[in-house]
Amino acid sequence: MSGSKFVVIDGNEVEFREGETILHAARRLGIEIPTLCHDDRLEPAGACRICLVEVEGSRLMQPACAFRTAPGMVVRTNTTRVDRNRQFIISLHLADTVADRDEAEDVSRSKLHDYAAQYGISEGDWPHVESPREGRADDENPFIAFRPDRCIVCAACVRYCDEVEGVSAITLANRGGRTTIATADLRSLDHTTCEMCGGCIAVCPTGAMTEKPALFYGKPERELERVRSTCNFCGVGCQIDINVDREANRIVKVTSPPPGTTVNDGNLCVKGRFANDFVHHPDRLTVPLVREVDGQLREASWDEALDRAVRGLQSVRETHGSDSLAFISSSRCTGEENYLIQKLARAGFGTQNIHQCAAT
Amino acid sequence: MTNSIPEIRDADLLFVIGSNTTEAHPIIAMEMKRAVGRGARLAVADPRKIWLTEIADWHLQIKPGSDVWLLNAMANVIVTEGLENRAWIAENTEDFEKVRESVLKYTPNEAEAFTGVPARTIREVARAYATTKNAGIFYTLGITEHTTGTDNVYALSNLVLMTGHLGIRSAGMNPLRGQNNVQGANDAGATPVFYPGYQRAAEPDVRAKFAEAWGVPQNEKRGLNLNEMMKAMQRGEIRGMYLMGEDIVISEPNVCKVEAAMNELDFVVVQDIFFNESCRFADVILPAACFAEKDGVFTNSDRRVQRVRKAVEPPGEARADWEILVEIMRRAGVKQPDYTGPGEIYAEMAALAPKFAGISHDRIDREGGLQWPVASADAPGTEYLHKGGVLRGKGLFMPVEYRAPFEEADIEFPLILSTGRTLYHYNAATQTRRSEGLSKKQPEAFVEVHPKTARELGIGDGQLVDVVTRRGRVRCRAMHSKQVKRNTIWMPFHFPTARTNELTTDAGDAVTGTGEYKVCAAKLEAVDEHSRHVFPGSYLTPMEAGE
Ligand code: SF4
Ligand code: SF4
Ligand code: FES
């Protein structure tokens with residue numbers, strides 16, 4: 001079939017694109033190929049081997065995440081041989097980590113265990129291998145936990161830190177069964193170039209990298225509800241998934257949407273991912289307050305407080321005119337709220353004195 | 001931004017000026033790193049050796065406040081070497097000649113003396129910028145927080161216009177917004193000059209349109225911007241204030257004067273999520289819901305309108321700002337529909353603002369964020385502006401001349417103080433300071449001093465110092481750092497215990513009223529650790545300090 005402009009995957013034709021991997025060509029046909037060490041933001045590494053597929057004319061199977069298509073190429077992803085390899089790889093990794101799904105997913109989700117369930121592989125199919133991987137139990141950084149018993153050493157985290165975040169705070173260390181994810185001299189992440197972006201958590205396929213606050217909270221991610229929203233810090237407008245414990249009315253953590261789906265391409269910074277303690281902080285205002293003639297503040301009902309607010313503004317307007325009032329709004333409020341406050345100034349109190357605090 | 005964030009990765013040249021992108025906009029910095037990884041060239045103009053300079057091809061370490069000199073000198077190189085895009089200029093712009101003449105005197109050689117940037121570097125960057133097709137400019141507070149903020153922006157836009165870097169992908173003129181919804185607040189008309197959708201308040205037709213829609217005649221007197229409000233308040237002309245979600249006591253420059261004036265106000269309403277510093281002057285304090293407790297939209301830097309969704313219930317009796325405002329309006333007698341939620345409020349705004357005509361909550365829920373302008377419900381969003389020619393006719397060149405900053409270093413105050421934010425905190429930090437983890441990373445206020453300067457003044461690393469300006473004195477720790485130049489010091493403005501804005505000037509930009517946070521004259525005084533005023537929590541007003 002030379003001269004063809006197509007690639008054939010499982011009998012379906014898809015137009016050849018220069019430089020495209022089998023994984024991406026298959027995706028365009030709606031054919032899912034499992035991956036563990038791959039992430040679209042990273043250079044393909046071909047480390048975990050779960051994505052092997054048959055390529056006609058090649059005796060060995062090839063990693064779909066790294067192997068590039070050629071015109072006329074014929075690929076099979078649905079053969080027994082491909083399936084057997086997937087089962088083998090899953091069993092291998094399961095034996096090397098926490099096999100039981102509930103235990104493995106006690107905090108974060110695990111893609112590995114999703115595949116295990118999908119391919120009907122359960123714990124105990126293979127005997128557990130003891131891998132003496134070193135962790136950093138005394139790492140006091142506030143946000144990122146590494147649980148070495150769950151790591152499959154795919155190095156997605158290391159590559160993310162290097163290729164996307166560009167700070168290379170973590171690295172592969174040691175060899176063989178001792179291979180682990182480490183920092184220079186096993187220092188706390190606090191004392192490395194780490195910027196606490198949490199990208200290593202987002203790309204980890206097993207939940208070995210996880211959010212410390214969520215680890216302490218102790219409720220599995222599977223039982224949390226996800227609400228898609230927009231980060232409230234800088235002007236990038238990253239999309240975030242707020243993970244909520246509905247019964248407790250609590251935000252447990254913030255995760256990033258999958259790469260390629262939003263403006264932030266699945267990335268977040270330390271503020272977006274971790275700075276949400278303020279929401280449930282005890283210092284939050286919870287009741288309206290009004291000031292007494294003696295200068296003291298006291299609690300009031302909404303009815304009283306709103307009434308006082310309106311009467312106070314009206315009386316200033318009566319004595320000094322509309323333009324003696326100033327309305328200042330905030331870029332932290334929504335578009336609708338900013339619309340309403342300028343309407344309040346312009347239609348309710350007859351002044352153009354309305355400005356938001358941050359003019360930039 | 002004229003262009004979109006995801007386009008950055010495909011640019012071939014990035015000119016970043018006055019933006020510590022890795023700290024203030026880490027996600028945009030990732031896109032920049034990605035572009036550089038692909039082979040794009042990067043020029044960074046900043047007084048500090050910020051992280052991006054490590055991967056930059058050029059670091060233009062400019063003297064704070066000398067931006068116009070630098071930009072005009074770049075324009076000078078472009079016009080004297082004939083690198084301008086003549087065909088594009090002829091078709092899309094007006095008044096190029098004026099700028100061409102005005103920049104002739106800004107020679108790179110003289111610029112070197114004013115800006116501290118070698119003439120050779122200025123030439124190289126100007127040539128590279130002019131001759132690379134997909135070249136984008138990125139800037140933020142470092143450019144706008146000057147008395148010459150508007151001039152800086154014009155000087156930048158002159159460069160964009162003379163090279164035709166507009167209306168194509170991965171180029172353009174891109175202000176990075178400091179806070180999440182600055183764009184959205186402007187979009188919604190929370191500014192004295194515009195009604196929603198950038199319709200000019202100065203135009204009688206616009207006022208008539210809103211008078212009719214709202215059923216109330218509109219005041220024709222020009223409104224005050226924030227800087228003018230603060231000054232009018234000090235003169236006793238502003239008597240009442242409604243503050244929604246902002247702590248002007250910590251975020252406004254020259255805080256002491258602001259506080260004194262707030263004390264004199266007849267009536268103040270504060271609506272916020274925390275008891276902020278401004279609450280000390282409030283007559284009524286209304287507890288608000290935070291972003292995770294309400295529905296609505298935010299607009300990001302690339303004009304993308306995205307949804308905010310309620311994830312948890314607000315604490316106690318706190319209510320969403322929109323609910324509070326609807327109640328206030330009702331009690332103030334404003335005619336309004338019975339809004340069932342922010343979706344309907346957005347619809348009311350979209351019906352009055354053609355730029356947002358095609359945007360609705362439903363559509364965002366279905367399609368994801370939409371970049372305005374969106375002409376109608378079936379029109380797509382706008383990835384980059386000015387495609388196929390400059391919007392609204394011709395791009396106007398604006399000649400700008402260098403003006404010295406309001407305050408320059410002198411014998412008494414020999415250093416230049418510049419302020420900004422750090423990665424771990426966010427503006428007044430009412431939110432980030434309440435994150436245990438973040439406070440641990442950067443617990444107290446500090447001032448960055450070049451080690452050589454520090455040695456001359458006998459100030460050790462980590463030693464307590466007073467930063468003194470003509471307006472006030474703030475105590476914090478000195479941090480030796482080669483990020484700053486020898487005659488410059490830098491402080492973040494996040495900590496109420498060391499209120500940086502007591503030091504800064506309230507001289508505003510003539511057009512936008514943005515305060516000159518970036519530059520003022522200062523000196524450092526070493527403090528004896530055992531002095532009466534202990535850190536943290538001690539800041540002295542000029543009176544207390546006996547000045
Ligand atoms: S949090 Fe970010 S910077 Fe830190 S190790 Fe993980 S990927 Fe690297
Ligand atoms: S921590 Fe996760 S991402 Fe990193 S190597 Fe281990 S399994 Fe892979
Ligand atoms: S996903 Fe292809 S080798 Fe890991």
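What you see is a predicted model; the values in this text were computed from it and never measured. Proteins come first, then strands; the chains are lettered A, B, ... in the order of their sequence lines, and each starts at number 1.
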Check: Are the charged groups of B/Glu293 and A/Arg284 less than 4.0 angstrom apart, N to O?
Finding: yes

Item checked: B/Pro287 and A/Thr286, any side-chain heavy atoms less than 4.5 Å apart -> no

Notebook entry, point to check: Going by atom types alone, do A/Glu336 and B/Tyr339 pair a side-chain donor with an acceptor below 3.5 Å?
Noted result: no

Notebook entry, point to check: Name the one of A/Asn232, A/Asn276, A/Val279 that satisfies side chain to side chain contact (heavy atoms under 4.5 Å, CB included) with B/Cys290?
Noted result: A/Val279

Check: What is the minimum heavy-atom distance between A/Val236 and B/Ile5, and which atoms define it?
Finding: O-CD1, 3.7 Å

Notebook entry, point to check: Quick one: of B/Ala311, B/Ala29, B/Gly316, who has the most non-hydrogen atom pairs under 4.5 Å with chain A?
Noted result: B/Ala311

Next item on the list: Taking the side chain as every heavy atom from C-beta outward, state whether A/Thr334 and B/Phe291 have any atom pair closer than 4.5 Å.
Entry: no

Note to self: Is there a side-chain contact between A/Arg332 and B/Ile273 in this structure, where contact means two heavy atoms from C-beta onward sitting under 4.5 Å apart?
What the structure shows: no

Check: Given the rule in the salt bridge (charged side-chain N to carboxylate O under 4.0 Å, His left out) test, do B/Arg222 and A/Asp323 qualify, once you have shown the distances and angles that lead to the verdict?
Finding: CA-CA 10 Å; B/Arg222 191 182 78 85; A/Asp323 289 324; over 6 Å; no

Margin query: Taking the side chain as everything from C-beta on, heavy atoms only, tell me whether A/Arg346 gets closer than 4.5 Å to B/Tyr195.
Written below: yes

Next item on the list: Can you check whether anything in residues 306-315 of chain A gets within less than 4.5 Å of chain B, heavy-atom wise, and list it by number?
Entry: A/Leu306, A/Asp307, A/Arg308, A/Ala309, A/Val310, A/Gly312, A/Leu313, A/Gln314

Next item on the list: Find out whether B/Asp266 and A/His320 are in side-chain contact, i.e. whether some heavy atom of one side chain is under 4.5 Å from a heavy atom of the other.
Entry: yes

Next item on the list: Drop me the distance from B/Ile28's CD1 to A/Asn267's CG, to the nearest 0.5 angstrom.
Entry: 12.0 Å

Note to self: Please report the interatomic distance CG(B/Asn227) to NE2(A/His355), rounded to the nearest 0.5 Å.
What the structure shows: 10.0 Å

Notebook entry, point to check: Based on non-hydrogen pairs under 4.5 Å, which of B/Val284, B/Ile55, B/Leu265 is most in contact with chain A?
Noted result: B/Val284

Checklist line | salt bridge (Lys or Arg N to Asp or Glu O under 4.0 Å) against A/Arg291, all qualifying residues, sequence neighbours excluded | finding: none

